[in-house]
2 protein chains.
Amino acid sequence: MSLRHAILTALLEVPSTGLSLTRRFDRSIGYFWQATHQQVYRETAKLEAEALIRAVPQATPARGNPKTYEVTDEGRAELIRWVGDSEPPKPGRDALLVRLRAASVVGPGPLVDQMREHHEFHSARHAEYLAVAARDFADRELDDVARMQYLILQAGIGLEEFWTAWLQDAITELSQGAGSRKAAGAATAG
Amino acid sequence: MSLRHAILTALLEVPSTGLSLTRRFDRSIGYFWQATHQQVYRETAKLEAEALIRAVPQATPARGNPKTYEVTDEGRAELIRWVGDSEPPKPGRDALLVRLRAASVVGPGPLVDQMREHHEFHSARHAEYLAVAARDFADRELDDVARMQYLILQAGIGLEEFWTAWLQDAITELSQGAGSRKAAGAATAG
DNA sequence: CGATCCATGTAATCTGTTACATGATTTT
DNA sequence: AAAATCATGTAACAGATTACATGGATCG
């Protein structure tokens with residue numbers, strides 16, 4: 001159950017409304033954990049009911065009557081507890097690899113086009129991350145907090161770098177193979 | 001909806017019972033798509049109802065009366081259709097990175113131990129993949145099918161390689177930093 | 001003949017996704 | 001005054017997880 005803890009973390013960093021939280025799930029947090037606004041609203045409602053977060057009273061209510069949340073002491077304690085939790089590592093789910101495996105059985109079809117799209121996506125994101133790294137972490141002394149943040153960013157950079165390279169290989173392979181032969185229904189008993 | 005297509009692929013490779021399918025989701029398929037036996041049974045029931053797979057009549061029913069499934073022509077057609085489907089790439093969810101980000105706000109606690117476990121896991125899996133690569137793909141001419149399978153394996157190898165290296169870095173960083181200072185509640189508005 | 005494993009399933013719950021609803025506030 | 005945007009939500013559903021149930025087969 002990481003969503004609530006991602007929200008607690010985000011709110012500790014800076015108190016936010018549901019919508020601005022959602023926006024952050026499209027950006028920095030969303031690089032490794034996504035959530036739609038419905039998930040955010042549902043979860044903030046629960047968290048407020050459990051008194052792990054609370055709405056900050058507002059002097060001047062803005063339009064749409066937004067509620068700004070902040071984390072309570074109980075919320076902070078819960079987050080600290082959770083950080084110490086251990087969870088067995090589990091490999092992610094990757095639909096593209098499922099597709100490629102299917103393609104190895106029934107033939108690739110237009111899968112290469114898909115891969116080109118993915119390649120573009122990952123390569124763009126890679127550039128994005130590098131820009132953030134240059135902007136926020138280059139040429140300065142990093143304290144412990146900044147070093148942890150940099151580590152997270154480096155994970156992102158490394159992953160995008162990997163996928164970009166792998167997709168490039170895969171595209172080359174599939175483009176070459178497609179013309180010469182057709183993939184037959186050979187079996188690999190997993 | 002990749003589960004059903006992962007199942008179709010697996011059954012095309014080799015007809016299986018629910019339980020042996022589940023086992024394959026612990027091994028080869030499970031390297032990039034996991035499923036519990038409940039998911040498998042539910043999905044095979046649906047697939048059979050939709051006539052995308054069918055139970056193979058058995059001469060000698062074994063214990064527990066297992067049903068062996070195979071893919072119908074409709075099933076194969078559906079899989080081919082799905083391989084051609086396009087789906088926007090979405091970055092995976094990674095609970096460990098959420099934890100690390102939380103740790104950058106409330107302090108790392110015993111997170112390093114977690115990371116050591118993960119490091120061990122990924123390094124073991126890396127070795128596993130390399131063994132498979134050496135056993136199944138070294139020193140032989142690869143046809144199109146084998147080359148696609150090898151591509152999938154290379155994705156696994158590359159990812160495990162990356163995580164192993166990154167975790168090593170992260171562990172070093174966290175071990176160094178932990179003694180000197182405590183992470184304070186500095187903010188990074190995402 | 002009790003323990004263990006094979007094989008399939010039900011039920012409840014949680015998490016995530018998609019579609020739609022509502023009202024208020026800017027903008028044009 | 002209409003259109004677009006802000007902000008929060010409801011409802012329905014799909015997908016995933018966890019706990020438990022059942023009955024037969026084999027093993028010691």
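Chain A is the first sequence line, chain B the second, and so forth, proteins listed ahead of strands; every chain is numbered from 1. The model shown is predicted, which means the values in this text are computed figures rather than measured ones.
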Base of D:dA16 paired with side chain of A:Arg93 (donor-acceptor, under 3.5 Å)
no
Between [options], spot the one nearest the side chain of [X], thanks.
X: A:Lys90; options: C:dT18, D:dT17, D:dA7; result: D:dT17
X: A:Lys46; options: C:dT15, C:dG16, C:dG9; result: C:dT15
X: A:Thr17; options: C:dT17, D:dT8, C:dG16; result: D:dT8
X: B:Gln39; options: D:dC6, D:dT17, C:dG9; result: D:dT17
X: A:Leu3; options: C:dG16, C:dA7, C:dT18; result: C:dG16
X: B:Tyr41; options: D:dT17, D:dA16, C:dG9; result: C:dG9

Without decimals, in angstroms, what is the distance between [X] [atom1] and [N] [atom2]?
X: B:Lys67; N: C:dG9; atom1: NZ; atom2: C1'; answer: 10 Å
X: B:His37; N: D:dT17; atom1: NE2; atom2: C1'; answer: 11 Å
X: A:Gln38; N: D:dA12; atom1: CD; atom2: C1'; answer: 12 Å
X: A:Leu19; N: C:dG23; atom1: CG; atom2: P; answer: 19 Å
X: B:Ile7; N: D:dA16; atom1: CD1; atom2: P; answer: 10 Å
X: B:Gln34; N: D:dG15; atom1: CD; atom2: P; answer: 16 Å
X: A:Tyr69; N: D:dT8; atom1: OH; atom2: P; answer: 8 Å
X: B:Glu43; N: D:dA16; atom1: CD; atom2: C1'; answer: 11 Å

Check the side chains of [Y] and [X] for a donor-acceptor pair under 3.5 angstrom, ignoring hydrogens and angles.
X: B:His122; Y: B:Glu161; answer: no
X: A:Ser2; Y: B:Arg93; answer: no
X: A:Glu128; Y: A:Tyr31; answer: yes
X: B:Ser175; Y: B:Thr172; answer: no

So, does B:Glu50 use its side chain to make a donor-acceptor pair with the main chain of B:Leu47 at under 3.5 Å?
no
How is A:Arg4 classified with respect to the nucleic acid when contacts are heavy atoms under 4.0 Å: base, sugar-phosphate, or nothing?
nothing
Pick the nucleotide of DNA chain C nearest each of B:Thr68 and B:Arg42; which residue has the one closer to the 5' end?
B:Thr68
